[in-house]
Chemist: 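I'd like to ask you about the structure that follows.
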Amino acid sequence: MAPWGYEKDNGPAHWHKDCPIANGKNQSPIDLINGEVKYDSGLKPLTAKYVPFSDAKFLNNGHSVQFQPSAGNGSELTGGPLAVKYNFEQFHFHWGNNDTEGSEHRVDGKMYPAELHFVHWNSTNPSFKDAVGSGGPNGLAVLGFFLKVGAENAALKPITDLIPKVKDAGTSVTVPSNFDMQAILPATLTDYYTYDGSLTTPPLAECVKWIVFKQPLEVSAAQMEAFRSVINRDGKPMGGNYRPPCPLHDRAVKTSFK
Ligand SMILES: NS(=O)(=O)c1cccc(F)c1F
Ligand SMILES: [Zn+2]
């Protein structure tokens, strides 16, 4: 099989051949159906403490554009449904070719134009890779933020301004050390959905505590167009790099809000 992607010949319907867990019972993303979620008053806000990275890259890996530090620097996530501290690993995006599609998670069937994932790994593991393979839903904690078109996102502008430099698959650029990742996050990380799931790309490991925020972030139309100019490994627009929703099976989706 050609390397996995999102085209007709290598897209989500093919992934099960290399990753049989694709048909597992804890797959992501899902459709977050408000009539079926359950409020949990024990779900407190998340706390993200992000320290500016001195040497991080912004890269086009052929299926997303990704902010990737060369090493950890003490940036971490705690609180909410998490029992321990999680180390920041990377953030990346999923988006569509028009404003009616692009997000991975959906809310009552509605897709947003894009979705931003902050990936963290359980610090009781020696590395990110070990956390992915650690078995069970506590290996990774991924924060999901929906993006909708509106005002320019000043915190994301240093990143979206770099997109033209990573237009082609396999290219990367150094991110200025004064990039303030913390500024991307809302001041308080309170209202979210949380459930046990998987990576949404191969290897699709069922190792993720998903935390998807109810309130979308805004980006400008120009910032959305920047994403839509990115090219994938086949020289086609990367837009559409989202997996459709997977069956919930007997999982519960909890909310920190009523
Ligand atoms: N789309 S995703 O957030 O599930 C994801 C994708 C690749 C590697 C990861 F660690 C990861 F979390
Ligand atoms: Zn993702």
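Whatever order the structure lists them in is the order used to number ligands and atoms, beginning at 1. Note that this is a predicted model, so its numbers are computed, not measured.
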Chemist: With rounding to the nearest 0.5 angstrom, report the CG to CZ distance, Asn60 to Arg233.
Modeler: 9.5 Å
Chemist: Which is it for Phe213 and Tyr193 under the ring-ring contact (aromatic ring centres under 6.0 Å, His included) test, yes or no, and what are the steps along the way?
Modeler: CA-CA 6 Å; Phe213 289 90; Tyr193 303 84; 9.7 Å; no
Chemist: Tell me the residues surrounding ligand 1, counting only those with a heavy atom closer than 4.0 angstrom, sorted by chain and number.
Modeler: Gln90, His92, His94, Glu104, His117, Val119, Phe128, Leu140, Val142, Leu199, Thr200, Thr201, Trp210
Chemist: side-chain contact (heavy atoms from CB on, under 4.5 Å) for Phe227 and Ile163? Distances and angles first, verdict last.
Modeler: CA-CA 7 Å; Phe227 286 109; Ile163 289 177; 3.6 Å; yes
Chemist: Where the side chain of Asn122 meets the backbone of Asn138, is there a donor-acceptor pair that is under 3.5 Å apart?
Modeler: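 Such a contact is found between Asn122 side chain and Asn138 backbone.
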Chemist: In the shown structure, where waters are left out, how many protein N, O or S atoms lie under 2.8 Å from the Zn ion (ligand 2)?
Modeler: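 Of the protein's nitrogen, oxygen and sulfur atoms, 3 lie under 2.8 Å from the Zn ion (ligand 2).
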Chemist: Hey, would you say the Phe179 and Phe67 ring centroids sit under 6.0 Å apart?
Modeler: yes
Chemist: Considering the options Phe128, Trp121, Tyr50, which one meets the ring pair (Phe, Tyr, Trp, His ring centres under 6.0 Å) requirement together with Phe88?
Modeler: Tyr50
Chemist: Ser134 and Asn125: which non-hydrogen atoms are nearest, and at how many Å?
Modeler: CB-OD1, 3.5 Å
Chemist: Could you give the distance from OH (Tyr112) to OH (Tyr242), rounded to the nearest 0.5 Å?
Modeler: 15.5 Å
Chemist: Looking at Arg243 and Glu104, does any basic side-chain N land under 4.0 Å from a carboxylate oxygen?
Modeler: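 Looking at Glu104 together with Arg243, the answer is no, because their closest N to O distance does not fall below 4.0 Å.
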